[in-house]
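The first residue in the sequence is number 1, and the count goes up from there.
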Amino acid sequence: MPAVVLVGAQWGDEGKGRATDLLGSSVDYVVKFNGGNNAGHTIVIEGEKYALHLLPSGILTPGCTPVIGNGVVIDLAVLFRELDGLAARGIDTSALRISANAHVVTPYNAVLDKVTERFLGARKLGTTGRGIGPTYADKMNRIGIRVQDLFDEHILRQKVESALAFKNQVLAKIYNRRAIAADEVVTELLSYVERLRPMVADTSLLLGEALDDGKTLLFEAGQATLLDVDHGTYPFVTSSNATSGGACTGSGVPPTRIDRVIAVIKAYTTRVGEGPFPTELLDDMGEHLRKVGVEYGTTTGRPRRCGWADAVIGRYATRINGVTDFVLTKLDVLSGLDTVPICVAYDVVGVRHDTMPVNQSDFHHAAPIYEEHPGWWEDISSCRRFEDLPANAQSYVLRLEELIGARISAIGVGPGRDEVIVRHSLLG
Ligand code: GDP
Ligand code: IMO
Ligand code: MG
């Protein structure tokens, strides 16, 4: 039985939550391994819309155990709000397991994220303001607060006090904000302890044993390849490893146990926040994609920047993640266009690049080289077999598949659970 990693191929919001849901009942464990409530996954089941931020999408599948791995950063207020929201809609969330080693987004880190962005002004990153960057910085600085620290008040107080000794200087002296009392932070964190206790586990051990038992595990990434702190468009990235390697470090499951890597790719490209985006459309066509694709952030509500498909990025995602299968989403959004371009390479001041330029400035100056494909006018949302698609839509998919270098195994033709064409089994 396989261990499958599912990642985003572009800058996020490709439809990872939806793709996880697609694998549905065949999966025993869904593991979130990176990021926090900066993620926003929308899943539509029988016309009902669910927006998840911190919880793995598998929480919506009966019988599936959702796991939050050690690589995740957790805002506990958000966690319990999200759990309460699902409980109110009749979803049983009691199976959730949380790593004792996951880090906690403290109230001071959420404040620091926002004031830092404001301080940067025009040079801001456009973060989600959820405290993600400062929390990962604390983790690397070895001054972070872990879930297990909440169960020892003495240790918790000591750690919060040491972190605040420095951070309060920064808040007061650089950002002109009031200092935060360690007591308030400790009291808030301790208020979650009893509710948290039964969920906390050695999740690496749990997952290792599940694999030994022949269970199917799905590791679901937050964010995406180009937002990865190592392989993305640094510094315009998130602060974690959103690529397939992150599934191992963020869960404690080794690479030798991973069988497949599925990447989700949108039929066009979107990005939220600042940073380079070669195929971005700043004209009416960009507005058209935003409107038809309903491209507004699930987390912050910000309009997403929109552009054409970029096969250079797709190929890069294949290489960095070791993609075995792609799920192509939102093909339906491209219906009704005369031509549908695909970016096949970049022109960087007169030099052709078929691969991602390693130099940040080159990527900033990359002009897309397009291949034009004839469009289609039919509504494709009721197509369930590849052959049902209009001939031009089929050619578009086949050409994209050729350019990105791994098979497109499923195609989304609408947001609903059943609005999909499956060409090859995703679980092998
Ligand atoms: P994630 O962050 O990768 O999970 O993606 P988001 O949920 O932020 O954004 C994807 C959006 O696209 C959601 O609103 C989905 O309901 C929607 N979606 C996913 N697949 C399809 C598709 O094939 N067609 C259409 N029209 N919408 C889709
Ligand atoms: P999902 O999982 C799209 C972007 C932010 C910003 C940058 C850094 O829904 O695909 P952060 O708050 O993480 O420090 O912000 O990363 N970003 C996302 N963009 N989808 C996401 O998640 C994102 N998570 C973070 O907009 O540019
Ligand atoms: Mg999203």
Problem set entry | Lys32 side chain to Gly36 backbone, donor-acceptor under 3.5 Å | yes
For this session: Give, for atom OG1 of Thr135 and atom NE2 of His103, the distance between the pair rounded to the nearest 0.5 Å.
Result: 9.5 Å
Exercise. Are the side chains of Val292 and Tyr268 in touch, meaning some heavy atoms are under 4.5 Å apart?
Worked result: no
Exercise. Between Asp284 and Lys291, is there a salt bridge with N-O shorter than 4.0 Å?
Worked result: no
Exercise. So with a 6.0 Å cut-off around CZ of Arg423, is the heavy-atom count from everything else above 12?
Worked result: yes
Problem set entry | Side-chain donor-acceptor pair present, Thr279, Asp310, cut-off under 3.5 Å | no
Problem set entry | Plane angle bin for Phe277 and Trp11 - parallel if under 30°, tilted between 30 and 60°, otherwise perpendicular | tilted
Exercise. Can you tell if the side chain of Ser240 reaches within under 4.5 Å of the side chain of Val229, non-hydrogen atoms only?
Worked result: no
Exercise. Is there a donor-acceptor pair closer than 3.5 Å between any side-chain N or O of Asn141 and the backbone N or O of Ile143?
Worked result: no
Problem set entry | Side-chain heavy-atom pair Val147, Val104 within 4.5 angstrom cut-off | yes
Exercise. Just wondering, do Ile421 and Cys383 contact through their side chains at under 4.5 Å, heavy atoms?
Worked result: yes
Exercise. Got a sec: does the OH of Tyr234 have more than 12 other heavy atoms crowding it under 6.0 Å?
Worked result: no
Exercise. Any salt bridge between Arg130 and Asp75, counting N to O under 4.0 Å?
Worked result: no
Exercise. Looking only at atom types and distance, does a side-chain atom of Asn168 sit under 3.5 Å from a main-chain N or O of Ile180, one as donor and one as acceptor?
Worked result: yes
For this session: Measure the spacing between OG1 of Thr20 and CG of Leu60 and express it to the nearest 0.5 Å.
Result: 10.0 Å
Seminar exercise, completed: Given the options Arg271, Arg305, Arg304, Glu295 meets salt bridge (Lys or Arg N to Asp or Glu O under 4.0 Å) only with Arg304
Seminar exercise, completed: Output for pair (Thr270 OG1, Glu280 CD), nearest 0.5 Å, gives 10.5 Å
Donor-acceptor pairs under 3.5 Å, side chain of residues 359-369 to any protein atom, not counting sequence neighbours: which ones?
| from | atom 1 | to | atom 2 | distance (Å) |
| --- | --- | --- | --- | --- |
| Asn359 | OD1 | Ser361 | N | 2.8 |
| Asn359 | OD1 | Asp362 | N | 3.4 |
| His365 | ND1 | Ser361 | O | 2.9 |

Exercise. More than 12 non-hydrogen atoms from neighbouring residues, nucleotides or ligands closer than 6.0 Å to CZ on Phe166, yes or no?
Worked result: no
For this session: Can you label the angle between the Trp376 ring and the Tyr396 ring as parallel, tilted or perpendicular, going by 30° and 60°?
Result: tilted
Exercise. So, for Thr318 and Ile404, which heavy atoms are closest and what is the spacing to 0.1 Å?
Worked result: OG1-O, 2.7 Å
Seminar exercise, completed: Closest non-hydrogen atoms of Thr339 and Trp308, given as atom of the first, atom of the second and distance, are O-CH2, 4.4 Å
Problem set entry | Note, Thr116 side chain near Tyr175 side chain (heavy atom, < 4.5 Å) | yes
Exercise. Does a donor on one side chain sit under 3.5 Å from an acceptor on the other, for Asn321 and Thr225?
Worked result: yes
Exercise. How far does CG of Leu54 sit from CD1 of Ile68, to the nearest 0.5 angstrom?
Worked result: 4.5 Å
Exercise. Any side-chain heavy atom of Leu150 sitting closer than 4.5 Å to one from Arg197?
Worked result: no
Exercise. Is a side-chain donor-acceptor pair under 3.5 Å present for Asp113 with Thr127?
Worked result: yes
Problem set entry | Side chain proximity check, Arg417 to Glu46, heavy atoms < 4.5 angstrom | no
For this session: Could you tell me whether Glu372 atom CD has more than 12 heavy atoms of other residues or ligands within 6.0 Å of it?
Result: yes
For this session: Could you give me the CA-CA distance, side-chain angles and deciding distance for Ser94 and Asp92, then say whether side chain to side chain donor-acceptor pair (under 3.5 Å) is met?
Result: CA-CA 6 Å; Ser94 58; Asp92 175 13; 2.8 Å; yes
Exercise. Within a radius of less than 6.0 Å around CZ of Arg123, do more than 12 heavy atoms belonging to other residues, nucleotides or ligands occur?
Worked result: no
For this session: Using modelled atom types only, decide if a donor and an acceptor are shared between the side chain of Thr298 and the backbone of His41 within a distance under 3.5 Å.
Result: no
Exercise. With side chains defined as the heavy atoms from C-beta onward, is the minimum distance between Ile132 and Asn37 less than 4.5 Å?
Worked result: yes
Exercise. Should the pair Lys114-Glu117 be classified as a salt bridge under the 4.0 Å nitrogen-to-oxygen rule?
Worked result: no
Exercise. Looking just at side-chain N and O atoms, do His53 and Thr299 make a donor-acceptor pair shorter than 3.5 Å?
Worked result: yes
Exercise. Of all heavy-atom pairs between Arg18 and Ile43, which one has the smallest distance, and what is that distance?
Worked result: N-CG1, 4.0 Å
